[in-house]
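None of these values were measured; they are calculated from a predicted model.
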Amino acid sequence: MKSKKRLSLYIHIPFCVQKCRYCDFFSAAASAQEKHQYTELLCREIQSWGRMLREKYSVYTIFIGGGTPTCLSAEQLQKIGAAIRESFDCDALTEFTTEANPGTVMPEHLTVWQQMGINRVSLGLQSAQNRELQMLGRIHSYEEFLTTYQMIRQSGMDQINIDVMAAIPEQTLESYQDTLEKIVSLNPEHISSYSLIIEPGTVFGDWEKNGTLKHVDEDVDRQMYEWTGKYLQHMGYQRYEISNYCRDGMECRHNCVYWSGGEYLGLGVNASSYLTGYRFHVPVSQKTYRSYVDRICVLAEKESEGLKKAVQEMDELEFIDRRAQMEEFMFLGLRMMAGVSEQEFYQRFGISMMEVYGDIIKKYQNMDLLCRRDTGRVALTEKGIDVSNSILSDFLLN
């Protein structure tokens with residue numbers, strides 16, 4: 001029997017208690033009725049895609065994100081989990097992550113997570129300083145985060161990620177260091193540290209536009225970045241991707257699928273997919289989402305052509321041709337400290353990496369920004385990581 005392909009699932013829950021000032025993700029507050037209706041539609045979408053994919057794909061990772069998944073009730077999450085398990089082949093599932101925000105996790109959520117098979121939680125802290133949390137528009141205090149963290153840990157969860165943010169307006173190097181030290185003292189298995197990016201259309205974006213946003217000095221931002229890597233390495237966290245650190249063997253497998261060019265299916269409003277060589281998006285409004293789900297349900301009934309037609313009728317459909325796949329293989333794969341495999345490049349594209357990218361690789365080798373290892377992998381050096389954006393952009397083929 002032919003083995004099935006690996007598939008990762010992303011489930012989008014577009015609800016939050018309130019919108020954070022920096023957030024440009026698709027999310028908003030919602031009534032109980034809106035959450036109920038969304039859950040029903042999402043389960044129908046899950047069932048339809050499962051019908052089309054079950055025979056060809058086996059689910060490798062699942063990630064429930066948002067928004068704030070814990071804005072849904074435990075019963076609603078349980079219904080979504082049951083729809084996934086009943087619709088997809090989950091026998092090879094290795095990692096099932098849910099995002100959660102402090103102050104929204106209830107004891108009943110913990111019980112349902114266990115029933116769903118969730119084995120990893122990603123907690124959005126961002127800062128251990130209450131003044132900075134207020135600046136970001138977060139709904140919780142650091143003390144509330146601690147309560148949530150301990151509750152999750154005591155439930156038996158042994159894989160927890162904590163998100164932290166650098167370059168928050170008015171943040172200092174000392175306050176950022178204090179945040180990271182407090183996080184490390186909790187001994188989470190994984191830490192994600194990102195610099196704030198100001199996005200148009202957000203509150204911070206508006207403040208920047210009218211000149212009232214107080215940016216962190218570039219030199220201070222740089223010091224935060226450099227200190228993070230050194231401190232976390234000293235404390236036993238290995239950097240496996242530009243912004244992600246973990247204890248040994250605790251990498252986020254789901255995110256590694258994105259960086260390594262694996263196939264994934266996004267379910268729920270505004271979710272993105274990369275499947276059968278195409279990238280596409282679910283519609284972004286509840287009204288258009290309903291009609292989209294109706295269409296997918298019809299296509300799922302057509303056994304012989306359902307998957308092909310379903311993909312080809314998606315909104316914002318983009319075929320990722322061989323050239324674009326090469327580009328993504330390089331500039332996404334080089335985000336990981338392990339780098340990219342020359343052998344895998346040849347197996348995927350039938351041409352050597354050096355034949356396509358030799359001049360660029362040699363250029364950055366000579367600058368000590370890239371290295372070719374004896375293991376047959378090309379990776380950023382420590383110096384290269386520091387200027388990664390300019391290097392990665394060079395791997396876009398003209």
Side-chain angles (χ1 to χ4, degrees), residues 5-6 8 60-61 63 94-95 97 161 189-195 222 225-264 274 277 279 320-398:
K5 295 181 180 180
R6 276 185 177 182
S8 288
Y60 172 62
T61 65
F63 195 106
T94 61
E95 179 186 271
T97 301
N161 168 64
E189 288 68 33
H190 192 287
I191 297 172
S192 299
S193 176
Y194 302 92
S195 284
R222 183 73 185 173
Y225 172 79
E226 292 176 351
W227 183 82
T228 299
K230 292 176 183 177
Y231 174 68
L232 290 181
Q233 182 179 14
H234 175 70
M235 299 305 294
Y237 289 87
Q238 63 178 19
R239 185 184 208 167
Y240 72 97
E241 191 271 343
I242 289 175
S243 301
N244 288 277
Y245 305 79
C246 68
R247 298 294 190 194
D248 188 38
M250 293 294 182
E251 297 88 351
C252 178
R253 297 181 182 182
H254 185 86
N255 285 342
C256 287
V257 169
Y258 298 148
W259 299 320
S260 61
E263 290 190 288
Y264 54 92
Y274 175 54
R279 184 166 288 116
I320 309 301
D321 61 20
R322 181 169 173 269
R323 172 174 153 169
Q325 288 179 37
M326 287 183 186
E327 293 174 340
E328 293 190 3
F329 183 91
M330 297 302 292
F331 69 70
L332 290 177
L334 284 170
R335 290 186 60 89
M336 295 188 288
M337 301 305 99
V340 290
S341 165
E342 295 188 55
Q343 181 181 0
E344 187 178 348
F345 187 95
Y346 183 81
Q347 289 172 344
R348 287 196 185 196
F349 307 115
I351 188 171
S352 78
M353 185 185 295
M354 294 305 291
E355 190 171 343
V356 180
Y357 287 112
D359 290 344
I360 298 171
I361 291 172
K362 290 175 184 176
K363 168 188 169 182
Y364 287 116
Q365 273 186 287
N366 291 335
M367 298 168 67
D368 193 26
L369 301 177
L370 277 180
C371 62
R372 290 181 76 193
R373 296 175 178 159
D374 294 339
T375 56
R377 302 186 75 88
V378 175
L380 294 169
T381 64
E382 285 296 323
K383 285 173 60 179
I385 293 169
D386 292 344
V387 291
S388 59
N389 287 342
S390 60
I391 297 173
L392 298 182
S393 63
D394 248 5
F395 284 90
L396 296 174
L397 297 169
N398 294 325

Provide the closest heavy-atom pair for [X] versus [Y] in the form atom of the first, atom of the second, distance.
X: Gln238; Y: Gly249; answer: NE2-N, 4.2 Å
X: Leu397; Y: Arg323; answer: O-NH2, 2.6 Å
X: Cys256; Y: Tyr240; answer: SG-CE1, 3.9 Å

Non-hydrogen side-chain atoms of [X] and [Y] separated by less than 4.5 Å:
X: Ile351; Y: Phe345; result: yes
X: Tyr225; Y: Ser193; result: no
X: Asn161; Y: Tyr245; result: no
X: Arg6; Y: Thr61; result: no
X: Ile361; Y: Glu342; result: no
X: Glu251; Y: Met336; result: no
X: Glu327; Y: Phe395; result: no
X: Phe349; Y: Glu355; result: no

Donor-acceptor contact below 3.5 Å, side chain [X] vs main chain [Y]:
X: Arg377; Y: Ala338; value: yes
X: Arg335; Y: Trp259; value: no
X: Arg239; Y: Ile242; value: yes

For [X], I'd like to know if atom [atom1] has over 12 heavy atoms of other residues, nucleotides or ligands within 6.0 Å.
X: Asp321; atom1: CG; value: yes
X: Tyr346; atom1: OH; value: no
X: Gln325; atom1: CD; value: yes
X: Asp359; atom1: CG; value: no
X: Glu226; atom1: CD; value: yes

> Going through the checks in order, is the side chain to side chain contact (heavy atoms under 4.5 Å, CB included) test met by Glu241 and Ser192?
Replying inline: CA-CA 9 Å; Glu241 191 271 343; Ser192 299; over 6 Å; no

> Taking the six-membered ring for Trp, are His254 and Tyr258 parallel (under 30°), tilted (30 to 60°) or perpendicular (over 60°)?
Replying inline: perpendicular

Let me confirm one number: the [atom1]-[atom2] distance from [X] to [Y], rounded to the nearest 0.5 Å.
X: Met353; Y: Arg372; atom1: CE; atom2: CZ; value: 8.5 Å
X: Ile385; Y: Ser243; atom1: CD1; atom2: OG; value: 10.5 Å
X: Asp394; Y: Ile360; atom1: CG; atom2: CD1; value: 5.5 Å
X: Asn244; Y: His190; atom1: CG; atom2: NE2; value: 4.5 Å
X: Cys371; Y: Gln365; atom1: SG; atom2: CD; value: 8.0 Å
X: Asp386; Y: Glu382; atom1: CG; atom2: CD; value: 7.5 Å

> Could you go step by step and tell me if Phe63 and Ser8 meet the side chain to side chain contact (heavy atoms under 4.5 Å, CB included) rule?
Replying inline: CA-CA 8 Å; Phe63 195 106; Ser8 288; over 6 Å; no

> Ser388 and Leu380: side chain to side chain contact (heavy atoms under 4.5 Å, CB included), yes or no, with the steps?
Replying inline: CA-CA 8 Å; Ser388 59; Leu380 294 169; 4.0 Å; yes

> Is it true that Glu189 and Arg247 have a side-chain N and a carboxylate O under 4.0 angstrom from each other?
Replying inline: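 Salt bridge flag = no for Arg247 with Glu189.
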
> Can Lys383 and Met367 be said to form a side chain to side chain contact (heavy atoms under 4.5 Å, CB included), step by step?
Replying inline: CA-CA 9 Å; Lys383 285 173 60 179; Met367 298 168 67; over 6 Å; no

> Quick one: side chain to side chain donor-acceptor pair (under 3.5 Å) partners of Tyr357, sequence neighbours excluded?
Replying inline: none

